[in-house]
Amino acid sequence: MKVFLIGGNGQVGKHMVNLLQESEKHELTAMVRSVEQAAQLKESGVKAVVADLEANVDELAEVMKGSDAVIFTAGSGGKTGPDKTLLVDLDGAVKSMEAAEKVGANRYLMVSAFKAEDRESWKDSPIKPYMVAKHYADRMLRESSLNYTIFGPGLLLNEPGTGKIDVNNNIKKTSISREDVARTVVAALDKENTYRKTIHLMSGECTIEKALNQIS
Ligand SMILES: NC(=O)c1ccc[n+]([C@@H]2O[C@H](COP(=O)([O-])OP(=O)(O)OC[C@H]3O[C@@H](n4cnc5c(N)ncnc54)[C@H](OP(=O)(O)O)[C@@H]3O)[C@@H](O)[C@H]2O)c1
């Protein structure tokens, strides 16, 4: 699959870049925000394009042309205000979905947040504006024509991955390593049983392959 990765310079994104570069099944284009980031990726043989989620849909579609699948793992981060939450995590994400539809990249994998679909679960959260942005971006994705998979991981950690996860009703933990999120999303790219599904995701006890294959 020709995979277009949005957030290629992010912490989860960097793990995905490595996995997709190593993969024999996929061909990667990583989207980053600066020419310096793109140059660094190109030095290690990664195809990189420079674009910003605050650009318009046509500009995003232009760089996405020829892709089969889009992975969204960008985010405005905790250090910016609610304006960027709205512009990047919500509108940026939705514009990337519209761009994907426009270029016929009909597979779309979203790194969302745990239970973003359940307002009651974050009604008193200190990061409520972020959860609102994720909630509505995911809703737009469900209403799109795309073969989406929405991943809802808990707290993301920088510890090494274990390759073991739990999903949905099997979840016991509240966090997961960024490396395992990356592995799970990349492994799901061509799993049709994960199309049009929302998957809650935490560190756990099951191999990624087995956990994903059990999704129905
Ligand atoms: N932190 C958590 O515990 C948590 C929990 C659940 C879900 N998530 C979600 O998981 C995903 C990955 O998280 P992470 O920790 O890897 O995030 P991260 O390290 O902050 O990476 C986010 C990436 O998004 C890029 N970005 C920001 N604004 C952009 C824009 N306008 N246009 C294009 N790219 C832009 C950043 O670019 P630069 O490198 O240029 O800054 C960065 O590379 C995000 O969607 C996040 O919301 C996080």
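Side chains included, hydrogens not; waters and symmetry mates left out as well; all remaining heavy atoms used. Residue numbers run from 1 in the order of the sequence given. In each ligand, atom 1 is the first atom listed, and ligand 1 is the first ligand listed.
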Set out, in order, the CA-CA distance, both residues' side-chain angles and the distance that settles side chain to side chain contact (heavy atoms under 4.5 Å, CB included) for E120 and K115, then state yes or no.
CA-CA 9 Å; E120 284 306 300; K115 288 200 173 171; over 6 Å; no
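- Set against the non-hydrogen atoms of Y130, the atoms of ligand 1 under 4.0 Å away are 7 (C), 8 (N), 9 (C), 46 (C), 47 (O), 48 (C).
- At a heavy-atom distance under 4.0 Å, only backbone atoms of S112 (N, CA, C or O) approach ligand 1.
- Within ligand 1, counting atoms from 1 as listed, the ones closer than 4.0 Å to a heavy atom of L155 are 3 (O).
- When the shell of 6.0 Å around NZ of K172 is examined, it contains more than 12 heavy atoms from other residues, nucleotides or ligands.
- Scored by the ring-ring contact (aromatic ring centres under 6.0 Å, His included) test, F114 finds H200 as partners (sequence neighbours excluded).
- Every N/O-N/O distance between G13 and ligand 1 stays at or above 3.5 Å.
- For V88, every heavy-atom contact with ligand 1 shorter than 4.0 Å involves the side chain, none the backbone.
- For atom 31 (N) of ligand 1, the closest heavy atom belonging to the protein is D52 OD1, 2.8 Å.
- The distance from ligand 1 to the heavy atoms of Q37 drops below 4.0 Å at these ligand atoms: 38 (P), 39 (O), 40 (O).
- By the 3.5 Å distance cut-off applied to N or O atoms, R33 is counted among the residues near ligand 1.
- In the vicinity of A74, heavy-atom distances shorter than 4.0 Å reach the ligand 1 atoms 23 (C), 24 (O), 44 (C), 45 (O).
- The number of heavy atoms from other shown groups lying within 6.0 Å of NZ (K191) is above 12.
- Checking N106 against S145 by side-chain atom types alone, no donor-acceptor pair falls below 3.5 Å.
- The V111 neighbourhood of ligand 1 comprises atoms 10 (O), 11 (C), 45 (O), with distances under 4.0 Å to a heavy atom of that residue.
- Hydrophobic clustering (side-chain heavy atoms under 4.5 Å, transitive across Ile, Leu, Val, Met, Phe, Trp, Tyr) groups V185 together with I176.
- Using a 3.5 Å distance cut-off with no hydrogens or angles, the side chains of Y108 and S96 do pair a donor with an acceptor.
- Under the 4.5 Å side-chain criterion, counting only non-hydrogen atoms from C-beta, T29 is not in contact with K2.
- Heavy atoms from other residues, nucleotides or ligands lying under 6.0 Å from CE of M140 number 12 at most.
- For Q40, the CD atom counts as loosely surrounded, since its 6.0 Å shell holds 12 or fewer non-hydrogen atoms of other residues, nucleotides or ligands.
- Near L53, with a cut-off below 4.0 Å to any heavy atom, the atoms of ligand 1 are 30 (C), 31 (N), 32 (N), 33 (C).
- Side-chain polar atoms of E59 and N56 form a donor-acceptor pair below 3.5 angstrom.
- In summary, the side chains of S67 and R107 do not present any donor paired with an acceptor at a separation below 3.5 Å, with no hydrogens or angles considered.
- Below 3.5 Å of separation, one finds no N or O of G154 facing any N or O of ligand 1.
- Within the 4.0 Å heavy-atom cutoff, K84 does not count among the residues contacting ligand 1.
- In this structure, K14 has no heavy atom closer than 4.0 Å to ligand 1.
- In R178, the part holding a heavy atom less than 4.0 Å from any atom of ligand 1 is the side chain.
- Against a heavy-atom cut-off of under 4.0 Å, V12 is close to the following atoms of ligand 1: 12 (C), 16 (O).
- Close N/O approach between G75 and ligand 1 is found [any backbone or side-chain N/O within under 3.5 Å].
- Here the protein heavy atom with the shortest distance to atom 39 (O) of ligand 1 is N9 ND2, 2.9 Å.
- At the top of the distance list for atom 3 (O) of ligand 1, counting protein heavy atoms only, stands L156 N, 2.9 Å.
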Residue pair L60, I6: steps toward the side chain to side chain contact (heavy atoms under 4.5 Å, CB included) verdict
CA-CA 10 Å; L60 293 173; I6 303 177; over 6 Å; no
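- Ligand 1 has P153 within reach: a non-hydrogen atom of the residue lies less than 4.0 Å from it.
- Neither the backbone nor the side chain of F114 comes within 4.0 Å of ligand 1, counting heavy atoms alone.
- For atom 42 (C) of ligand 1, the nearest non-hydrogen atom of the protein is G10 CA, 3.8 Å.
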